[in-house]
K.L.:
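The structure that follows is given in the form of structure tokens.
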Amino acid sequence: QRPVLRLLSCPGTVAEDLRRDEQPPGSVETGFEDKIPKKRFSEMQNERREQAKRTVLIHCPEKISEKKFLKYLSQHGPINNHFFYESFGLYAVVEFCQKESVHSLQNETCAPSKGIEAAIPFRSRFFNLKLKNQTSERSCVQMSNQLPPSSKKLFQVLCDAESIDDQLNTLLKEFQLTEENTKLRYLTCSLIEDVAAAYFPDCIVRPFGSSVNTFGKLGCDLDMFLDLNETRNLSTHKTSGNFLMEFQVKNVPSERIATQKILSVLGECLDNFSPGCVGVQKILNARCPLVRFSHQASGFQCDLTTNNRIALTSSELLYIYGALDSRVRALVFTVRCWARAHLLTSSIPGAWITNFSLTMMVIFFLQTRSPPVLPTLDSLQTLADAEDKCIIEGNNCTFVRDLNRIKPSENTETLEILLKEFFEYFGNFAFNKNSINIRQGREQNKPDSSPLYIQNPFETSLNISKNVNQSQLQKFVHLAQESTWILQQEDLDGPDTSGNRSWGLVALLLPSGANRKSVGKKKSKKATSEKIKVLLESIKSNRTENFTDTNGK
Ligand code: GTP
Ligand code: MG
């Protein structure tokens, strides 16, 4: 039996993990992982959106010749880029050089005829390719992996790393979104935009949250924002002369009701007409109303919201922080992974710390270093120019958007030091009286008695971790202290020559208690691996109870 470590998000079942292990070697490596984006957020979003509009999604037969497939599609125009992936069937993402090629393909495509009782006619960019001659093709396509590494693989690569710094960078490399996965996310938004455009022709469906803020990991959910700004702004366009023309519109008592009505209708549309959207739930009474659904072909769990511009701005701010210094993402991924491994986070709403809050804690910590690794939000605001000025619902969301105008940090601390210091800092933080505030980058008095107070960077009177209760906070503090202790023990013991493989980050990710026995005492390699095996098996059997989510939140 294969061991399964209690690590990170566990998308799907053990069976899925096993399937992943069976993947042929040589899945596509894109090189994307080492690049730190330096483009402006808006620039990057516009480029990706434009790319997605020239792209189609095709469900392919299991046996297909890549060469013939590309030749067939090239009849409609040159292809810029393509890749295949597996998700309950074989899919291809094909990006044409020109948008017209998509129209040409749509014009040649027919509605399904056989075996369907009653099909709802819908011309989307999601196709089904069939072979006329079932037997003649050989499967010879290379697959792009869309799933996070299995726990077994992660365990191996972390153990084989050369240093704790190497472990943190390896973890980042294994989990971060690949170029292909990012493309698939933008394509999914673009497909949903086609549906929404039936009602709101000028709408834009934009991804936000971890899909775009540089902190997304394979398997995370896809947060989408239905942007109706263009439609809304139509009425504010100035006209010349004595007349002013306005659209006749329906009025409702509040913005919230307008949001609920729009999302309700779109939820119905996705449910009834949009191929591949299943399990549509309208969660309209939430603080931030949303429509949740699964996009089957991409495998993404999607949350569609509207009137949520501040969340998009938060994503832009995190994007900047993630892009400023290569240590930031490695540390955030590690802390999120550590929190997940110790069940400090969960996708089920409740008193858990969210990934968003954890990211804020890491950013805050990095602002407090001397010299700081990251600038405060106030200083990013000082660097802003007229173009960056942004007020949303009365909240000042102004900060510099051009990454090149922010001076690099002079801090040279290693990831190992930063990780140790992070645990030490929060293991001793005066949560009872102080709040965390990335605007000023220093501790402030708590304005209320919430156990954990992390100031919302833009709606500054709000606490983003209001949901966290005392016992979850205590658990976090206790685990941070334990992690400090584990890392200190490793320092005292020096390099491990006993063959104990659970060192460094692996020791931190193992369930609490397991470390006290394994760290600090030299044991034989065999005994240790036996112990880990037993432990892993017990985790595996608990896993279905503990990990019902698929997005690692
Ligand atoms: P994942 O756990 O990987 O999905 O991280 P995420 O950052 O995408 O978090 P999530 O899907 O929960 O939320 C999406 C986005 O909504 C976040 O990135 C934030 O911009 C915003 N958001 C989430 N929770 C809060 C909150 O409590 N307060 C505020 N102001 N914004 C939030
Ligand atoms: Mg998310």
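Whatever order the structure lists ligands and atoms in, that order sets their numbers, starting from 1.
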K.L.:
Relative to the heavy atoms of Asp221, which atoms of ligand 1 are at a distance of less than 4.0 Å?
P.N.:
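Reading through ligand 1 atom by atom, the close ones are 4 (O), 11 (O).
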K.L.:
Would you call the rings of Phe208 and Phe225 parallel, tilted or perpendicular, taking 30° and 60° as the class edges?
P.N.:
perpendicular
K.L.:
Quick one: does Ala311 get within less than 4.0 Å of ligand 1, heavy atoms only?
P.N.:
yes
K.L.:
Short N/O distance, under 3.5 Å, between Glu459 and ligand 1?
P.N.:
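It does not: no N or O of Glu459 is found under 3.5 Å from an N or O of ligand 1.
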K.L.:
With sequence neighbours excluded, tell me which residues meet ring pair (Phe, Tyr, Trp, His ring centres under 6.0 Å) with Phe426.
P.N.:
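Only Phe422, Phe429 meet the ring pair (Phe, Tyr, Trp, His ring centres under 6.0 Å) criterion with Phe426.
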K.L.:
Give the atoms of ligand 1, by number and element, whose distance to some non-hydrogen atom of Cys220 is under 4.0 Å.
P.N.:
3 (O)
K.L.:
For Arg125 and Ser190, test the side chains for any donor-to-acceptor distance below 3.5 angstrom and give the result as yes or no.
P.N.:
yes
K.L.:
Of all the N, O or S atoms in Asp221, which one sits nearest to the Mg ion (ligand 2)?
P.N.:
OD1
K.L.:
Taking 2.8 Å as the cut-off, does an N/O/S atom of Asp303 lie below it from the Mg ion (ligand 2)?
P.N.:
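Looking at Asp303, which is the residue asked about, there is no N, O or S atom under 2.8 Å from the Mg ion (ligand 2).
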K.L.:
Does anything in residues 275-289 pair up under salt bridge (charged side-chain N to carboxylate O under 4.0 Å, His left out), and if so which pairs, sequence neighbours excluded?
P.N.:
Glu268-Lys282
K.L.:
Mind telling me whether Phe431 and Phe476 have parallel, tilted or perpendicular rings, with 30° and 60° as the class edges?
P.N.:
perpendicular
K.L.:
When you measure from the Mg ion (ligand 2) to each N, O or S atom of Asp223, which atom gives the shortest distance?
P.N.:
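Minimum-distance N/O/S atom of Asp223 relative to the Mg ion (ligand 2) is OD2.
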K.L.:
Verify, without hydrogens or angle tests, whether Thr376 (side chain) and Ser379 (backbone) share a donor-acceptor contact under 3.5 angstrom.
P.N.:
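Flag set: sc Thr376 to bb Ser379 pair under 3.5 Å.
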